[in-house]
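Atoms within a ligand are numbered from 1 in the order they appear, just like the ligands themselves. All values reported here derive from a predicted model rather than from experimental measurement. Note: hydrogens, waters and symmetry copies are ignored here, and every other heavy atom, side chains too, is used.
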Amino acid sequence: MFDPATQQEADAPELGRVARDVLGESPRGPWSHVPDEVWNDWRWQQRHRLRTAADLERVVRLTDDERAAIAATGDQFRMAITPYYAALMDPDDPRCPVRMQAVPVLAELDVAATDLADPLGEEAYMPVPGITHRYPDRVLYYVTHNCPVYCRHCTRKRKVSDPTSAANHGQLDQGLAYIAAHPEVRDVLVSGGDPLTLSDDRLDALLGALREIPHVEVVRLCTRNPVTLPQRFTEALVTRLARHQPLFVHTHFNHPRECTPEAARCLRLLADHGVNVANQMVLLRGVNDDPAAVKALNHWLLRQRCRPYYIFQADLAQGISHFRAPLQSGLAILQALRGHTSGMAVPHYVIDAPGGGGKIPLVPEYVERWDEDKVVFRNYLGELYEYPTR
Ligand SMILES: *Cc1c(COP(=O)(O)O)cnc(C)c1O
Ligand code: SF4
């Protein structure tokens, strides 16, 4: 299995593992000649995103399936990959976990009978465009439909990457007005797309506007930039973001192969500025349906002060059935974590109920049986213990 620590082995063998997380750089593939200051410039990364098979062919040896899929899926869900993320791909192995998340395959064209265009019923719970208000005290607020990398498993495929559906200024204001008019909303999840595709000024203004609403207690920025474009979090931006405390960042690492020194620096920068970072992994067949990979990922996240928060069962979005792992494999992952490692490394495993029922936690069965006078439990080692029912 891939071990991010070994990437930097040669740099500083005398340093501990924790220090190695932030030293050195990731592989740069065909961009090895690009100077550091250019490579680390997020604008350069954005401008040089790979969008065609010819672009990608510079980095990986495409399979016939991938090449055909890039052509066939382009008008439904575009491909875009930052050079940084592309350079993490295995050039020869189409089963590489980074490659599987970013490069289309023909299986995306298969729409299963149970697939849904709007798997979480987000439109049905939309009081105004750009706001989903499903739970009593918190809302999702969509501020853009762009992302640096379009994840092939995206739950909002129907909108994300479509330039014609992007939230305009009027819609953003409407969302703010809705939140301001609903005093029960104490928690706002700023989402998209990826809100970090907005400019520093617009993000700052948006968070400032939310902060001016007295009943908004916490704001969460939901962004995959720490994974796909960690350079986006400059010192200047993070300093501005951190003025809007209490601010939380929810990100989306899925595999240890994404755990690079650049990503580590990004997470640590946020933590150093007092921004709490949490991770929401999506369980993906062939990518991370493996307890050892999830454990390594979560250990790395904790070393960067990022708390594993959720593991999501892949939802019923159209054309991602090849990514769906059985519920049993998610439960097996939780069982392999609980008790065997820090409780902090054990996220909640949830399924977002199709049609808009919200998140439902799935927990491995630790109750062996309920008797009249006692409950018989199984602990993490499978040993039986009793507790009186009254
Ligand atoms: C996931 C989600 C939230 C936030 O849920 P938490 O369990 O509080 O993290 C809020 N609104 C919607 C519509 C969601 O899907
Ligand atoms: S970053 Fe998030 S919104 Fe954007 S494509 Fe990936 S999963 Fe979808």
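Within ligand 1, counting atoms from 1 as listed, the ones closer than 4.0 Å to a heavy atom of Arg134 are 13 (C). Per-residue contacts place Thr132 under 4.0 angstrom from the following atoms of ligand 1 (heavy atoms of the residue considered): 13 (C).
The nearest protein atom to atom 11 (N) of ligand 1, hydrogens excluded, is given as Tyr135 CD1, 3.6 Å; this is a heavy-atom distance. Scanning the protein for heavy atoms near atom 13 (C) of ligand 1, the closest one is Leu140 CD1, 3.5 Å.
Taking the six-membered ring where the residue is Trp, the centroids of Tyr178 and His133 are separated by under 6.0 Å. Side-chain rings of Phe253 and Trp300 approach one another, their centers coming within less than 6.0 Å.
Within the structure, every pair that satisfies the salt bridge (Lys or Arg N to Asp or Glu O under 4.0 Å) test and touches residues 375-390, not counting sequence neighbours, is listed here: Glu368-Arg378. The list of salt bridge (Lys or Arg N to Asp or Glu O under 4.0 Å) pairs with a residue in residues 323-348, not counting sequence neighbours, reads Asp115-Arg324.
When Arg220, Lys359, His348 are ranked by how near their heavy atoms come to atom 15 (O) of ligand 1, first place goes to Lys359.
In summary, Lys295 and Asp290 do not engage in a salt bridge, as defined by a charged side-chain N under 4.0 Å from a carboxylate O. Taking a cutoff of 4.0 Å between a charged side-chain nitrogen and a carboxylate oxygen, Asp371 and Arg369 qualify as a salt bridge.
Checked by distance only, ligand 1 and Asp187 stay at 3.5 Å or farther apart across all their nitrogen or oxygen atoms. Taking distance alone, with nitrogen or oxygen atoms compared against 3.5 Å, Tyr309 approaches ligand 1 more closely than that limit.
Cation-pi geometry between Arg138 and Tyr135 is satisfied (NZ or CZ under 6.0 Å from the ring centre, within 45° of the ring normal).
For a distance threshold of 2.8 Å, the protein N, O or S atoms nearer than that to atom 8 (Fe) of ligand 2, listed by chain and number, are Cys154 SG.
Hydrophobic clustering keeps Leu284 apart from Leu88 (ILVMFWY residues linked when any side-chain heavy atoms are closer than 4.5 Å, directly or through intermediates).
For atom 6 (Fe) of ligand 2, a protein non-hydrogen atom is found at a distance below 4.0 Å.
Residue contacts with ligand 1 include Tyr310, since one of its heavy atoms falls under 4.0 Å from the ligand.
Remark: His252 engages His153 in a ring pair (Phe, Tyr, Trp, His ring centres under 6.0 Å) (not counting sequence neighbours).
Taking the six-membered ring where tryptophan is involved, the planes of His348 and Tyr309 are perpendicular, since the angle between them exceeds 60° and thus also 30°.
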